[in-house]
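Reminder, nothing fancy here: chain letters follow the sequence lines and each chain counts from 1. Heavy atoms only: backbone and side chains are in, while hydrogens, waters and symmetry mates are out.
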There are 4 protein chains.
Amino acid sequence: MSGSVKKKAVAKPLAVADVSRKPQQGRSLASLKRMIAAARELMLELGNEDFTLAEVSERGQVSIGSIYLRFESKDNLVRGVIAEELDALAKEETELVQRLKDDSTNLANFMYEYVEGYAEVLRKHAPLLRLTMERAEYDPLVATPGKQHALRAEKDATDAMLAHTDEFGGDDPADNKIKAQSSYHVIFSTLARRLSLGSSGETVHAYDWQRMKRELARMCVAYLRSD
Amino acid sequence: MSGSVKKKAVAKPLAVADVSRKPQQGRSLASLKRMIAAARELMLELGNEDFTLAEVSERGQVSIGSIYLRFESKDNLVRGVIAEELDALAKEETELVQRLKDDSTNLANFMYEYVEGYAEVLRKHAPLLRLTMERAEYDPLVATPGKQHALRAEKDATDAMLAHTDEFGGDDPADNKIKAQSSYHVIFSTLARRLSLGSSGETVHAYDWQRMKRELARMCVAYLRSD
Amino acid sequence: MSGSVKKKAVAKPLAVADVSRKPQQGRSLASLKRMIAAARELMLELGNEDFTLAEVSERGQVSIGSIYLRFESKDNLVRGVIAEELDALAKEETELVQRLKDDSTNLANFMYEYVEGYAEVLRKHAPLLRLTMERAEYDPLVATPGKQHALRAEKDATDAMLAHTDEFGGDDPADNKIKAQSSYHVIFSTLARRLSLGSSGETVHAYDWQRMKRELARMCVAYLRSD
Amino acid sequence: MSGSVKKKAVAKPLAVADVSRKPQQGRSLASLKRMIAAARELMLELGNEDFTLAEVSERGQVSIGSIYLRFESKDNLVRGVIAEELDALAKEETELVQRLKDDSTNLANFMYEYVEGYAEVLRKHAPLLRLTMERAEYDPLVATPGKQHALRAEKDATDAMLAHTDEFGGDDPADNKIKAQSSYHVIFSTLARRLSLGSSGETVHAYDWQRMKRELARMCVAYLRSD
DNA sequence: TATGAATGAGTATTCATTCAT
DNA sequence: GATGAATGAATACTCATTCAT
């Protein structure tokens with residue numbers, strides 16, 4: 001399978017319905033959900049592509065033929081699972097920022113709440129997000145929508161930070177934007193690594209999760225206020 | 001191959017000589033180097049395991065039998081390549097910190113130099129580091145020495161930062177240590193993600209590499225001085 | 001599919017209506033014609049069995065279910081197409097011989113006209129005739145009616161030749177019959193091979209079609225007159 | 001399998017050693033022979049491609065991997081079997097014509113002996129020749145060498161006939177050549193059809209084999225002498 | 001009648017590992 | 001020690017046929 005995707009140009013879109021073959025209803029829809037759920041479980045247990053369609057067939061109680069009725073290939077089934085996950089993640093990210101925009105009154109408060117909230121959102125989706133990133137490395141059909149998702153998430157977060165520009169240290173608007181972006185990247189990167197989204201090698205420090213979230217917010221606040 | 005390792009317990013050590021079968025000399029040593037070099041190239045070109053031993057045999061001008069004479073399995077050959085890389089990386093990390101310890105006089109100066117230097121060290125090793133982290137996810141024989149490596153790197157870096165405690169914001173020694181650790185993690189995580197060590201999805205921002213290094217240092221200095 | 005027929009005894013009849021399931025009328029008849037036409041096209045484009053019922057369904061605008069309503073199996077659909085072709089061919093052969101019987105006055109004239117006419121009839125039906133012969137090789141349900149068709153064609157042709165017995169070389173009636181039969185076989189075999197009904201390997205000689213027809217007639221006339 | 005060859009351009013040569021992977025010796029050679037023999041038997045029993053490599057493996061007592069060690073694909077294995085057959089056939093055709101050239105003194109004698117001898121040569125190779133022609137229809141790698149073989153066979157035969165030009169009817173050298181070629185084609189086509197090389201539909205006449213050979217020769221002699 | 005979604009058996013090919021030489 | 005030929009398990013995908021609606 002990998003051979004047919006890795007290192008080769010592919011030209012198909014993503015997004016739940018794009019990789020699936022037709023709008024589903026009733027029994028068909030149930031069967032579609034079962035095969036996606038089964039594939040999702042197997043991906044988490046064995047790795048992105050290290051499961052067989054026979055396993056999906058058995059676990060999801062769908063025939064192999066049915067899978068090919070909905071998805072053009074095993075690759076597209078994997079992309080379908082990923083697309084679903086990205087959709088759900090995007091929804092939660094947006095909701096988080098919306099909620100905090102209304103609730104938070106000052107920069108420090110926002111940052112603490114944001115780091116806390118975003119950390120939990122990422123944690124919830126961490127396992128599949130790992131697989132998504134791993135696959136994005138060689139599958140453009142996952143990489144492209146992944147980038148768009150990331151850009152939008154960055155924009156939402158920095159916009160919300162910039163609502164508190166009055167508390168920022170300098171008064172150069174361009175520098176403010178840079179600071180907000182840097183903060184977002186530092187937050188995402190650090191949480192992601194800690195959640196093993198990139199690797200697990202150095203994950204198991206004594207340094208704990210709660211403390212990390214607190215220090216991340218603290219660092220960003222100090223940074224944004226500086227100069 | 002993957003099936004035999006992924007998600008399954010394995011019980012073999014790592015570190016260049018541990019995965020290889022015997023102390024090598026002369027012609028044997030040259031042949032060992034060729035097979036490792038060939039495997040390394042193929043891993044970078046095709047992915048961690050997406051190469052065949054036949055390819056290693058051809059490119060490295062060693063017989064397949066020879067490979068099995070040095071390595072118990074293809075898995076161990078991959079681990080051998082990784083072990084070599086981690087050794088080289090550790091050496092450079094240590095040298096960097098040693099050099100800066102002697103040269104830098106104040107905290108800000110140290111942090112800017114450290115981020116700059118570490119970024120380049122990581123950049124140099126990024127491609128194979130990616131493969132290492134990817135594999136660590138499912139191969140304990142890579143994950144375990146990887147953790148130890150990471151812990152030592154963290155200790156070296158935080159010790160160097162703590163040499164400038166007098167410039168730190170608070171005066172609680174415990175908090176100082178936390179700040180140093182947090183700084184190290186933020187630096188490593190952010191550089192790593194940017195180098196695509198974890199994923200490539202969000203890599204392609206306009207946000208550039210030079211700026212990122214500067215802001216990272218700036219952020220850490222602000223953070224360490226705060227309180 | 002092949003596996004279920006090739007080299008295995010089958011027990012179903014042939015002849016347009018025998019493989020189809022029921023006398024058709026109106027809309028049903030139109031649908032039956034569409035599926036046969038679609039199957040015919042696909043057989044010519046892809047080979048005897050190298051098309052799928054899904055393709056027939058799409059091209060002929062008939063549901064797969066409809067096909068099974070008319071034909072017991074894909075094999076029978078193929079046989080239906082072949083049966084239709086053999087019917088049409090038989091009609092033309094008969095017409096040709098009838099016409100020549102009335103028109104030709106001497107042996108040479110008849111032979112030249114017959115070879116010319118028969119060559120064109122065969123040429124017209126060559127593509128599907130190829131498929132028929134190919135399939136007859138392993139499908140008794142095509143071979144049996146095919147033999148009957150061939151026997152009748154032989155009888156028609158030899159009877160017509162024997163109408164000119166007075167011009168034959170010998171005067172042994174038994175030998176005359178043998179000569180006529182041999183002539184028919186030589187004509188059919190040579191035309192058929194040239195039309196690639198049997199193979200295409202040696203087809204592409206410079207030796208051309210018009211000349212071949214002429215020489216065939218010349219040869220037969222010389223043969224029939226000899227002794 | 002068919003899909004990968006039929007209707008697609010291919011660009012590989014033929015001839016026993018061209019489809020096989022390396023000059024064989026000893027044990028390897030024995031194994032190569034066993035797999036070709038097994039494939040040959042299965043092709044004759046089931047059809048050109050209607051056998052599985054598992055069957056070849058079992059019957060020939062060779063592992064599937066071994067087959068792929070010698071042949072790039074199942075297609076090439078089939079071509080290997082065919083190549084061997086064409087070689088053997090060519091050898092016998094040449095020997096036959098050589099022998100008759102020396103022995104026969106007059107045209108009639110040559111033609112009777114040639115038809116008799118060629119009929120037996122073709123009969124001996126008929127089953128595999130059928131498969132060859134069938135495959136040539138869609139596989140250029142079989143068609144191309146097949147055409148060359150046919151052209152050479154035609155040349156050998158017509159040259160031998162032309163050694164008796166003095167007995168020919170007309171005295172136009174060009175016409176003599178045409179007559180010789182026509183005779184060869186009629187002989188080959190008629191024998192081939194009778195041997196079911198093209199089809200079997202009309203094969204089972206009462207008209208028998210011995211008589212056919214005699215009449216064929218008789219017809220050609222009458223034709224060559226005519227004018 | 002008519003439909004077309006669901007089924008699942010069947011198969012070429014790859015490649016890590018072994019072992020006779 | 002070295003070699004590389006031999007092994008055979010493992011797996012995505014197709015498509016004739018059925019049958020619930």
Whole angstrom value for the distance that separates [atom2] of [N] from [atom1] of [X]:
{"X": "A:Phe71", "N": "F:dT14", "atom1": "CZ", "atom2": "C1'", "value": "18 Å"}
{"X": "A:Ile67", "N": "F:dT11", "atom1": "CD1", "atom2": "P", "value": "14 Å"}
{"X": "B:Glu49", "N": "E:dC15", "atom1": "CD", "atom2": "P", "value": "13 Å"}
{"X": "D:Leu32", "N": "F:dA5", "atom1": "CG", "atom2": "C1'", "value": "13 Å"}
{"X": "D:Lys74", "N": "E:dT14", "atom1": "NZ", "atom2": "P", "value": "15 Å"}
{"X": "B:Arg34", "N": "F:dT3", "atom1": "CZ", "atom2": "C1'", "value": "14 Å"}
{"X": "D:Leu69", "N": "E:dA12", "atom1": "CG", "atom2": "P", "value": "18 Å"}
{"X": "C:Leu77", "N": "F:dT17", "atom1": "CG", "atom2": "P", "value": "11 Å"}

Which of B:Glu85, B:Glu45, B:Glu84 passes side-chain hydrogen bond (donor to acceptor under 3.5 Å, both in side chains) with B:Arg40? It is B:Glu85
Cation over ring face, C:Lys74 and C:Phe51, 6.0 Å, 45°: yes
Distance-only side-chain donor-acceptor flag, A:Ser28 / A:Ser31, under 3.5 Å: no
Looking only at side-chain atoms of D:Tyr68, point me to the closest of F:dA6, F:dT17, E:dA12. E:dA12
Within the structure, does a side-chain N or O atom of [X] lie under 4.0 Å from either OP1 or OP2 of [N]?
{"X": "B:Ser28", "N": "F:dA2", "answer": "yes"}
{"X": "B:Arg70", "N": "F:dA2", "answer": "yes"}
{"X": "A:Ser66", "N": "E:dT7", "answer": "yes"}
{"X": "D:Ser31", "N": "F:dA5", "answer": "no"}

Quick one: does A:Leu53's side chain get under 4.5 Å of A:Leu77's, heavy atoms only? yes
Residue whose closest nucleotide on DNA chain F lies nearer the 5' end, C:Gly65 versus B:Ser63: B:Ser63
Which sits closer to the 5' end of DNA chain F, C:Leu53 or B:Val62, going by the nucleotide each is nearest to? B:Val62
Which atom names give the shortest non-hydrogen contact between C:Val56 and C:Ala39, and what distance separates them? CG2-CA, 4.2 Å
Mapping D:Ile64 and B:Ile64 to their closest nucleotides on DNA chain E, which lands nearer the 5' end? D:Ile64
First encountered from the 5' end of DNA chain E, between D:Ala54 and B:Ala54: D:Ala54
Both distances below 3.5 Å, Watson-Crick or wobble geometry, any strand: find the nucleotide opposite F:dA6. E:dT17
